[in-house]
Asks: 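This structure is in structure tokens; I'll ask about it shortly.
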Amino acid sequence: MFPSVNEQMDVIRDGAIEVLPEDELVRKIENSIKNNKPLNIKLGADPSRPDLHIGHAVVLHKLRQFQDLGHKAILIIGDFTAMIGDPTGKSKTRPQLTLEETRINGQSYLEQATIILKKENLEVVYNSDWLGKMNFSDVIQLAARYTVAQLLERDDFSKRFKSGIPISVHELLYPLAQAMDSAQIKADVELGGTDQKFNLIVGREIQKAYGIEPQCIVTMPLLEGTDGVEKMSKSLDNYIALTDTPKEMFGKVMSIPDALITRYMRYAAFSPENQAVAVEKGLANGTVHPRNAKVETAMKIVELYHSKQAAEAAFEEFERIFKNKELPDEIEEMQIDNSEMGLMDLLVATGLAPSKKEAKRLIEQGGVFVDQNKVDDPFQKIDLKSKRLLKVGKRKFLYVLAK
RNA sequence: GGGCAGGUACCGAAGUGGUCAACCGGGGCAGACUGUAAAUCUGCUGGGCUCCGCCCUACGGAGGUUCGAAUCCUUCCCUGCCCA
């Protein structure tokens with residue numbers, strides 16, 4: 001029923017940064033095979049930001065691999081923790097979500113996650129089910145199992161502590177809450193990004209403290225965003241959403257710096273390692289053109305979430321717009337109340353510019369075209385009795401017409 | 001509770017009475033170039049107008065001093081450090 005231990009370990013190690021402790025995992029798998037019992041594979045989901053991107057896909061993909069090996073994926077929707085509102089980092093006080101909102105977000109998270117996960121061998125649980133029931137003495141008991149020094153070992157805590165950036169007490173409790181989840185569902189393995197390593201290890205300790213066999217941990221790399229520097233995240237707006245259209249996906253992949261091509265091959269396109277290595281070498285010695293490698297990767301990614309046809313269409317359109325500087329095949333059309341408007345006002349009215357000042361700047365910098373002709377006078381009147389084509393920057397196209 | 005240091009635009013960070021819509025860096029946007037929405041270079045980066053100039057809003061909040069305040073005073077809120 002289950003593949004052999006070696007086969008399983010190969011799959012698990014593939015693409016992972018760390019698998020620890022390995023020997024313990026081998027033992028767990030051996031037992032699983034012997035008793036014909038799947039392992040519980042845990043992945044925590046943060047429903048405060050329910051828009052999944054291909055950075056999340058790295059770890060979801062790993063979870064899917066476990067499913068394919070016959071193990072049981074347990075997706076924990078962290079509705080309780082999201083409800084408290086994670087104040088980590090510099091972000092302003094995050095609006096506190098109600099339980100209801102986190103449930104709705106959780107649902108949307110789930111819908112997106114199942115683009116990658118299969119529905120068989122999948123259990124979805126909400127951590128408010130147990131964390132919400134703990135009373136203060138339960139919390140104290142939990143907190144007593146860990147020390148401040150241990151918590152401050154966490155890199156971001158110690159950095160913040162040293163540089164005098166506030167750490168609220170409840171933030172210190174976060175790893176413990178997450179660890180509680182592991183104890184609750186008796187996780188055998190927990191997956192996470194490398195940034196989660198600390199939390200995952202705390203899970204082991206807390207499980208032991210509650211008399212449960214500790215989980216093994218598998219950490220996956222954090223995928224850099226399209227800017228090539230920061231990790232992919234919605235708040236930095238450097239992400240490629242799982243639900244992005246083929247065109248957007250393709251374009252965004254094309255905008256990553258060349259240096260990231262092989263990383264995206266491995267962790268976004270999930271290309272086989274030997275291919276990634278081949279491209280790596282080719283790029284280094286000049287036999288592979290970076291643009292072609294990027295195009296291929298972009299197409300693979302689009303294909304993963306859409307289809308081969310969609311990928312080809314996206315590629316063709318990209319060529320058309322950016323290489324041949326032609327028009328996209330579909331351009332939105334908008335109706336305007338006035339039959340004539342100043343260009344600046346028109347840009348604001350159509351939402352192509354957020355303010356008149358901004359519109360003026362765009363025009364003066366030569367970024368605005370009407371019917372393919374550059375217009376540099378912000379006060380130029382545009383006659384809208386017939387359909388006109390607006391182009392702002394390289395990527396925004398819109399037809400406008402008076403009602 | 002006491003002492004000290006801080007709170008400036010999306011972020012970081014200058015600025016200590018007028019020349020400040022506020023240096024600089026990052027980010028973002030636009031342009032040039034290209035191999036792409038890569039890289040590099042250049043410009044722009046609060047809003048409105050009767051638009052080569054004028055007006056409004058903005059330097060934690062609220063008051064005040066002054067012809068004039070991000071800059072001085074009062075008070076409140078917030079953060080860090082040290083002491084208790």
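Just so it is clear: chains get the letters A, B, ... in the order the sequence lines come, proteins before strands, and each one is counted from 1. Please read these numbers as outputs of a predicted model, since none were measured by experiment.
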Asks: Distance check, C1' atoms only: B:U16 and B:C72, in whole angstrom units.
Replies: 9 Å

Asks: State the pairing partner of B:A5; accept Watson-Crick or G-U wobble contacts with both distances under 3.5 Å, and report none otherwise.
Replies: B:U79

Asks: Rounded to the nearest angstrom, tell me the gap between atom CE in A:M249 and atom C1' in B:A37.
Replies: 16 Å

Asks: Any strand counts, and the cut-off is 3.5 Å on both contacts for Watson-Crick or G-U wobble. Which nucleotide pairs with B:U42?
Replies: B:A30

Asks: For nucleotides B:G60 and B:U79, find the distance between their C1' atoms and express it as a whole number of Å.
Replies: 11 Å

Asks: Roughly how far, to the nearest 0.5 Å, is CG of A:L191 from OG1 of A:T219?
Replies: 9.5 Å

Asks: In whole Å, what is the span from the CG atom of A:D258 to the P atom of B:A38?
Replies: 10 Å

Asks: Do any N or O atoms from the side chain of A:Q207 and from the backbone of A:Q215 form a donor-acceptor pair under 3.5 angstrom?
Replies: yes

Asks: What distance, rounded to whole Å, do you find between the two C1' atoms, one in B:C55 and one in B:A21?
Replies: 13 Å

Asks: Any protein N or O atoms within reach of nucleotides 23-31 of chain B? Criterion: under 3.5 Å, listing atom names and distances.
Replies:
from: B:A30; atom 1: O2'; to: A:Q365; atom 2: O; distance (Å): 3.2

Asks: Please tabulate, one pair per line, all N/O donor-acceptor pairs under 3.5 Å involving side-chain atoms of residues 7-15 of chain A, not counting sequence neighbours.
Replies:
from: A:E7; atom 1: OE2; to: A:S4; atom 2: OG; distance (Å): 3.3
from: A:Q8; atom 1: OE1; to: A:H71; atom 2: NE2; distance (Å): 2.7
from: A:Q8; atom 1: NE2; to: A:P3; atom 2: O; distance (Å): 3.0
from: A:R13; atom 1: NE; to: A:E22; atom 2: OE1; distance (Å): 3.0
from: A:R13; atom 1: NE; to: A:E22; atom 2: OE2; distance (Å): 3.4
from: A:R13; atom 1: NH2; to: A:E22; atom 2: OE1; distance (Å): 2.9

Asks: Provide the distance between the two C1' atoms, one in B:A13 and one in B:A70, to the nearest whole Å.
Replies: 15 Å

Asks: Can you list every salt bridge (Lys or Arg N to Asp or Glu O under 4.0 Å) pair that touches residues 304-315 of chain A, not counting sequence neighbours?
Replies: none

Asks: Can the positive tip of A:R103 be found less than 6.0 Å from the middle of the six-membered ring of A:Y126, inside 45° of the ring normal?
Replies: yes

Asks: Checking side-chain polar atoms at under 3.5 Å, does A:E111 have a donor or acceptor matched by the opposite partner on A:S108?
Replies: no

Asks: Specify the separation, in whole Å, of atom CD1 of A:I261 and atom C1' of B:G35.
Replies: 11 Å

Asks: Side chains of A:N238 and A:T226: donor-acceptor distance under 3.5 Å anywhere?
Replies: no

Asks: Starting from P on B:A38, measure out to CZ on A:F322 and report it in whole angstrom.
Replies: 9 Å

Asks: Short of 4.0 Å, heavy atom to strand atom, which residues of residues 279-292 of chain A count as contacting RNA chain B?
Replies: A:H289, A:P290, A:R291

Asks: Take atom P in B:A22 and the same atom in B:C54, then report the distance between them in whole Å.
Replies: 13 Å

Asks: What integer distance in Å separates A:I321:CD1 from B:A37:C1'?
Replies: 11 Å

Asks: Can you tell me the distance, in whole Å, between the CD1 atom of A:I240 and the P atom of B:A37?
Replies: 16 Å

Asks: Under a 3.5 Å limit for both distances, which nucleotide forms a Watson-Crick or G-U wobble pair with B:C24, could you say?
Replies: B:G12

Asks: I'd like to compare against my own output: the B/S/- annotation of nucleotides 77-82 of chain B with a strict under-4.0 Å heavy-atom distance to protein.
Replies: --SS--

Asks: Give A:K325 one of three labels, base, sugar-phosphate or nothing, depending on what nucleic acid heavy atoms sit under 4.0 Å from its own.
Replies: base

Asks: Quick one: CE on A:M254 to CZ on A:F250, what's the gap to the nearest 0.5 Å?
Replies: 5.0 Å

Asks: Near RNA chain B, which residues from residues 339-357 of chain A have a heavy atom under 4.0 Å away?
Replies: A:M344, A:S355, A:K356, A:K357

Asks: Touch check for A:I256, heavy atoms < 4.0 angstrom, all strands: base, sugar-phosphate only, or nothing?
Replies: sugar-phosphate

Asks: Rounded off to whole Å, could you give me the NZ-to-C1' distance for the A:K360 and B:C49 pair?
Replies: 10 Å

Asks: Decide whether A:E190 and A:S182 meet the rule of one side-chain donor and one side-chain acceptor closer than 3.5 Å.
Replies: yes

Asks: When the C1' atoms of B:A9 and B:A58 are compared, how many Å lie between them, rounded to an integer?
Replies: 8 Å

Asks: With sequence neighbours left out, which residue pairs that include part of residues 265-286 of chain A fulfil the ring pair (Phe, Tyr, Trp, His ring centres under 6.0 Å) condition?
Replies: A:H61-A:F270

Asks: If we take the C1' atom in both B:C20 and B:G26, what is their distance in whole Å?
Replies: 22 Å

Asks: Quick one: side-chain hydrogen bond (donor to acceptor under 3.5 Å, both in side chains) pairs with a partner in residues 192-203 of chain A, sequence neighbours left out?
Replies: A:E18-A:K197, A:R154-A:N199, A:Q178-A:Q196, A:Q178-A:N199, A:D195-A:K231, A:Q196-A:N199

Asks: With a 3.5 Å limit on both atom pairs, tell me what B:U19 is paired to, counting Watson-Crick and G-U wobble, or say none.
Replies: none

Asks: Would you state whether a donor and an acceptor, one from the side chain of A:K294 and one from the base of B:U36, lie under 3.5 Å apart?
Replies: yes

Asks: Suppose the criterion is ring pair (Phe, Tyr, Trp, His ring centres under 6.0 Å): which pairs have a residue in residues 191-249 of chain A, not counting sequence neighbours?
Replies: none

Asks: Could you tabulate the donor-acceptor pairs under 3.5 Å formed by side-chain atoms of residues 357-367 of chain A, not counting sequence neighbours?
Replies:
from: A:E358; atom 1: OE1; to: A:R361; atom 2: NH1; distance (Å): 2.7

Asks: Base of B:C52 relative to its sugar, syn (within 90° of 0) or anti?
Replies: syn

Asks: Would you mind pulling out the nucleotide paired to B:U74, Watson-Crick or G-U wobble, both distances under 3.5 Å?
Replies: B:A62

Asks: With C1' as the reference atom in both, quote the distance from B:C78 to B:G25 in angstrom, rounded to an integer.
Replies: 27 Å

Asks: Only pairs at least two apart or in different chains count here, so list each ring pair (Phe, Tyr, Trp, His ring centres under 6.0 Å) that has a residue in residues 136-157 of chain A.
Replies: none

Asks: Judged by each residue's nearest nucleotide on RNA chain B, which is more toward the 5′ side, A:S255 or A:F379?
Replies: A:S255

Asks: Test: salt bridge (Lys or Arg N to Asp or Glu O under 4.0 Å). Region: residues 333-350 of chain A. Which pairs qualify, not counting sequence neighbours?
Replies: A:E333-A:K387, A:D337-A:K403, A:D345-A:K356

Asks: Give a yes or no on whether the backbone of A:F80 and the side-chain of A:N127 come within a donor-acceptor separation of less than 3.5 Å.
Replies: yes

